[in-house]
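To start, the structure itself, in structure tokens.
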Number of protein chains: 2
Amino acid sequence: MFIELDLQSETPIYAQLVDQIVEGIASGTLQPGDPLPSVRSLAEDLGINLHTVNKSYNLLKQEGFLQIHRKKGVIVQSDGMPGVTEAFEEKLRQQLRSLAATAAVRGMSEETFAQMSSLVYRDTITNRGGKQS
Amino acid sequence: MFIELDLQSETPIYAQLVDQIVEGIASGTLQPGDPLPSVRSLAEDLGINLHTVNKSYNLLKQEGFLQIHRKKGVIVQSDGMPGVTEAFEEKLRQQLRSLAATAAVRGMSEETFAQMSSLVYRDTITNRGGKQS
DNA sequence: TTATCTGTTATATTACATATATAACACATA
DNA sequence: TATGTGTTATATATGTAATATAACAGATAA
């Protein structure tokens with residue numbers, strides 16, 4: 001896997017896992033229907049507990065980004081990704097508000113802030129070594 | 001004060017306080033040199049503990065957004081706000097990366113994402129009832 | 001059938017973060 | 001002198017994060 005954990009980070013391990021899997025899907029490294037490692041094997045690979053992996057998988061399942069089949073195991077959502085819901089927009093707005101405020105106080109312009117958003121988005125979408133559709 | 005807390009939120013109280021004070025500075029509601037309530041009075045106003053307020057104040061002091069004088073009490077930074085440091089840019093990029101990835105997976109375009117960033121920034125900057133320079 | 005692997009559930013423990021409560025301290029002010 | 005300031009210390013309660021072990025039902029392959 002392409003996962004790299006920072007055990008010194010203040011970001012919880014399960015959240016780092018969630019983030020990196022979502023980035024994998026966003027970049028196309030993980031395609032709909034692609035299988036993910038079992039909770040035990042990924043836990044062993046990363047040197048963490050299987051419950052931590054399980055927590056991440058279930059959060060992503062709850063968000064609709066992953067499916068957990070009794071037969072296929074854990075795979076990337078293949079029945080259509082969830083769209084831009086009202087709830088998601090509100091959560092996104094709230095997070096952006098906090099970032100925009102500190103950026104503004106530090107003197108970063110609206111244009112620079114928006115441009116950084118664009119660049120980061122593009123960089124996230126850009127495939128890094130994986131297969132692409 | 002203009003502070004409104006959501007005790008049901010998963011965002012810690014001290015973090016909500018930090019966010020709203022930063023937004024107050026960004027919007028101009030709080031001007032450099034403006035005094036903030038004492039830890040005890042603000043705590044009483046909000047119905048929370050003074051140590052929670054103190055934690056928020058100290059985080060903002062550490063970030064350079066507030067000054068704590070033995071005489072003047074707690075005031076908004078009047079000796080120049082900290083600028084866009086390399087550390088801040090990196091932290092901002094990391095946070096944006098997480099947001100951009102989920103937005104992308106949900107099908108939000110780069111343009112929409114950037115436009116939302118712009119709009120939220122502008123909305124944050126916009127004064128809501130306070131005095132402006 | 002047996003053995004193995006899957007996600008899941010349960011229980012327990014450790015460590016840390018959050019939030020509160022109470023008290024005391026040095027400093028400044030009216 | 002009395003009061004208010006931020007600060008420090010101690011204690012407690014609660015929740016989260018992460019780990020460890022064990023067991024379970026369902027699926028799979030030898």
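In what follows, chains are A, B, ... by sequence order, proteins preceding strands, each numbered from 1. Only this structure's heavy atoms are used, side chains among them; waters, hydrogens and symmetry mates stay out. Since we're looking at a predicted model, the values are computed, not measured.
In terms of polar N and O atoms assigned as donor or acceptor, the side chain of B:R40 comes within less than 3.5 Å of the base of D:dT7 in a complementary pairing. You won't find any donor-acceptor pair under 3.5 Å spanning the side chain of B:R70 and the base of D:dG6, going by distance alone.
Of the side-chain N and O atoms in A:N49, none sit less than 4.0 angstrom from OP1 or OP2 of D:dA17. In this model, the phosphate group of D:dT8 is not approached by any side-chain N or O of B:N54 to a distance below 4.0 Å at OP1 or OP2. Applying the 4.0 Å criterion to OP1 and OP2 of D:dA18, one finds that A:Y14 has every side-chain N and O outside that range. Close to D:dT19, at under 4.0 Å from its OP1 or OP2, lies a side-chain N or O of A:T52. Between B:K55 and C:dT18, a side-chain N or O to OP1/OP2 separation shorter than 4.0 Å is present. The shortest distance between the side-chain N/O atoms of B:K71 and the OP1/OP2 oxygens of C:dT29 is below 4.0 Å.
Sequence order on DNA chain C of the closest nucleotides to A:V74 and A:H51 puts A:V74 first from the 5' end.
Rounded to whole Å, the distance from NZ on B:K61 to C1' on D:dT5 is 13 Å. Counting to the nearest Å, the C1' atom of C:dG7 and the CD atom of A:Q67 are 15 Å from each other. Straight-line distance from the CD atom of B:E44 to the P atom of D:dG4: 11 Å, rounded to whole Å. Whole-Å rounding puts the A:L50 CG to D:dA22 C1' distance at 11 Å. For A:I48 and D:dA20, the CD1 to C1' distance is 14 Å, given to the nearest whole Å.
When all heavy atoms of A:S78 and A:Q67 are compared, the closest pair comes out as OG-OE1, 3.0 Å.
No donor-acceptor pair under 3.5 Å is formed between the side chain of B:S98 and the backbone N or O of B:Q94.
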Acceptor/donor pairs from residues 100-111 of chain B side chains to any protein atom, 3.5 angstrom cut, sequence neighbours excluded:
unit_1 : atom_1 : unit_2 : atom_2 : d
B:T102 : OG1    : B:L99  : O      : 3.1
B:R106 : NH1    : A:G83  : O      : 2.6
B:S109 : OG     : B:T112 : N      : 3.1
B:S109 : OG     : B:T112 : OG1    : 2.8
B:E110 : OE1    : A:R122 : NE     : 3.2
B:E110 : OE2    : A:R122 : NE     : 3.1
B:E110 : OE2    : A:R122 : NH2    : 2.5

Handout entry: Steps toward side-chain contact (heavy atoms from CB on, under 4.5 Å) verdict (A:V74, A:L60)
Key = CA-CA 11 Å; A:V74 180; A:L60 289 167; over 6 Å; no

